[in-house]
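Working notes for the structure below.
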Amino acid sequence: MSFPNPDDILNFILTIEPDEGMYKGGAFHFNFAVNQNFPHDPPKVKCSQKIYHPNIDLEGNVCLNILREDWKPVLNLNAVIVGMQFLFLEPNASDPLNKEAADDLRQNRDAFKRNVRTSMGGGAVRGVQYERVMK
């Protein structure tokens with residue numbers, strides 16, 4: 001975690017660096033904005049990079065159930081962070097924001113893995129150019 005403004009602990013950047021799975025070796029940055037209604041409202045989470053992932057669209061929006069309909073005030077930021085880490089271990093093609101990536105994952109897992117590697121290295125997948133996120 002990093003805090004761009006040390007006086008504002010409600011807005012921070014979380015970096016996820018998976019050490020296993022298809023996204024191993026990448027560094028992914030998420031902007032967290034916690035509003036004054038927390039814990040009654042979930043934090044707003046957005047990826048600051050364009051990544052090839054079925055549950056993160058090209059604008060950085062994140063599809064994670066506990067950030068939307070399944071949010072409960074008993075949940076905390078740690079639950080969100082664990083959920084985010086799980087998205088990188090087990091991408092979910094059943095509830096996609098990036099339908100093309102989800103289709104690739106469902107239809108050909110090996111091709112999906114190659115696309116993940118290409119995108120993480122800064123290459124283009126399906127006509128979309130990605131920035132390099134490899135550590």
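Under the side chain to side chain contact (heavy atoms under 4.5 Å, CB included) test applied with Met1, the options Thr15, Ile9, Ile13, Ile81 reduce to a single match, Ile81.
Under the side-chain contact (heavy atoms from CB on, under 4.5 Å) criterion, Ala33 pairs with Asn11, Lys44, not counting sequence neighbours. For Asn61, the side chain to side chain donor-acceptor pair (under 3.5 Å) test picks out Lys46, Asp57, with sequence neighbours left out. The salt bridge (Lys or Arg N to Asp or Glu O under 4.0 Å) search around Asp41 returns none, not counting sequence neighbours. Under the side chain to side chain donor-acceptor pair (under 3.5 Å) criterion, Ser2 pairs with no residue at all, not counting sequence neighbours. In this structure, the ring-ring contact (aromatic ring centres under 6.0 Å, His included) partners of Phe12, at least two apart in sequence or on a different chain, are Phe3, Phe32. For Arg126, the side-chain contact (heavy atoms from CB on, under 4.5 Å) test picks out Glu100, Asp104, with sequence neighbours left out. In terms of the side chain to side chain donor-acceptor pair (under 3.5 Å) criterion, Asn31 has no residue partners (sequence neighbours excluded). For Ser48, there are no side chain to side chain donor-acceptor pair (under 3.5 Å) partners two or more places apart in sequence or in a different chain. The side-chain contact (heavy atoms from CB on, under 4.5 Å) check on Val74 picks up Lys72, with sequence neighbours excluded.
Of all non-hydrogen atoms in Phe30 and Ile16, the two that sit nearest each other are CE1-CD1, 4.0 Å. For the residue pair Ala124 and Thr118, the shortest heavy atom distance occurs at O-CG2, 3.6 Å. The two atoms that bring Met22 and Lys113 nearest to each other are SD-CG, 3.4 Å, heavy atoms only. When all heavy atoms of Ala102 and Pro96 are compared, the closest pair comes out as CB-CB, 3.4 Å.
In this structure, CG in Asn65 is found 7.5 Å from CG in Asp95, a value given to the nearest 0.5 Å. Taking CE of Met84 as the reference point, atom CG of Leu89 lies at 12.5 Å (rounded to 0.5 Å).
Distance alone, capped at 3.5 Å, places no donor-acceptor pair between the Gln85 side chain and the Pro18 backbone. In this structure, Asn55 contributes its side chain and Asn92 its backbone to a donor-acceptor pair below 3.5 Å. Checking side-chain atoms of Gln49 against main-chain N and O of Ala27 turns up a donor-acceptor pair under 3.5 Å. Not a single donor-acceptor pair under 3.5 Å links the side chain of Arg68 to the backbone N or O of Cys63.
By the rule that hydrophobic residues join a cluster once side-chain heavy atoms approach within less than 4.5 Å of another member, Ile51 and Met134 end up as members of one cluster. No single ILVMFWY cluster, assembled from side-chain heavy atoms under 4.5 Å apart, contains both Phe28 and Phe86.
Note on residues 53-77: pairs passing ring pair (Phe, Tyr, Trp, His ring centres under 6.0 Å), not counting sequence neighbours, are Tyr23-His53, Phe38-Trp71, His53-Phe88. For residues 99-118, the pairs satisfying ring pair (Phe, Tyr, Trp, His ring centres under 6.0 Å) are Tyr52-Phe112, with sequence neighbours left out. Sorted by first and then second residue, the salt bridge (charged side-chain N to carboxylate O under 4.0 Å, His left out) pairs involving residues 7-35 (not counting sequence neighbours) are Glu17-Lys135.
Contact of the Leu58 side chain with the Val128 side chain is registered, since non-hydrogen atoms from C-beta on lie closer than 4.5 Å. The side-chain heavy atoms of Leu77 and Pro43, taken from C-beta on, include a pair separated by under 4.5 Å. Between Leu87 and Val62 there is a side-chain heavy-atom pair separated by less than 4.5 Å. Side chains of Ile66 and Pro42 form no contact here, defined as non-hydrogen atoms less than 4.5 Å apart.
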Please step through side chain to side chain contact (heavy atoms under 4.5 Å, CB included) for the pair Val80 and Leu75, ending with a clear verdict. CA-CA 8 Å; Val80 175; Leu75 294 172; 5.9 Å; no
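Atom CD of Gln36 sits in a sparse spot, with 12 or fewer heavy atoms from other residues, nucleotides or ligands closer than 6.0 Å.
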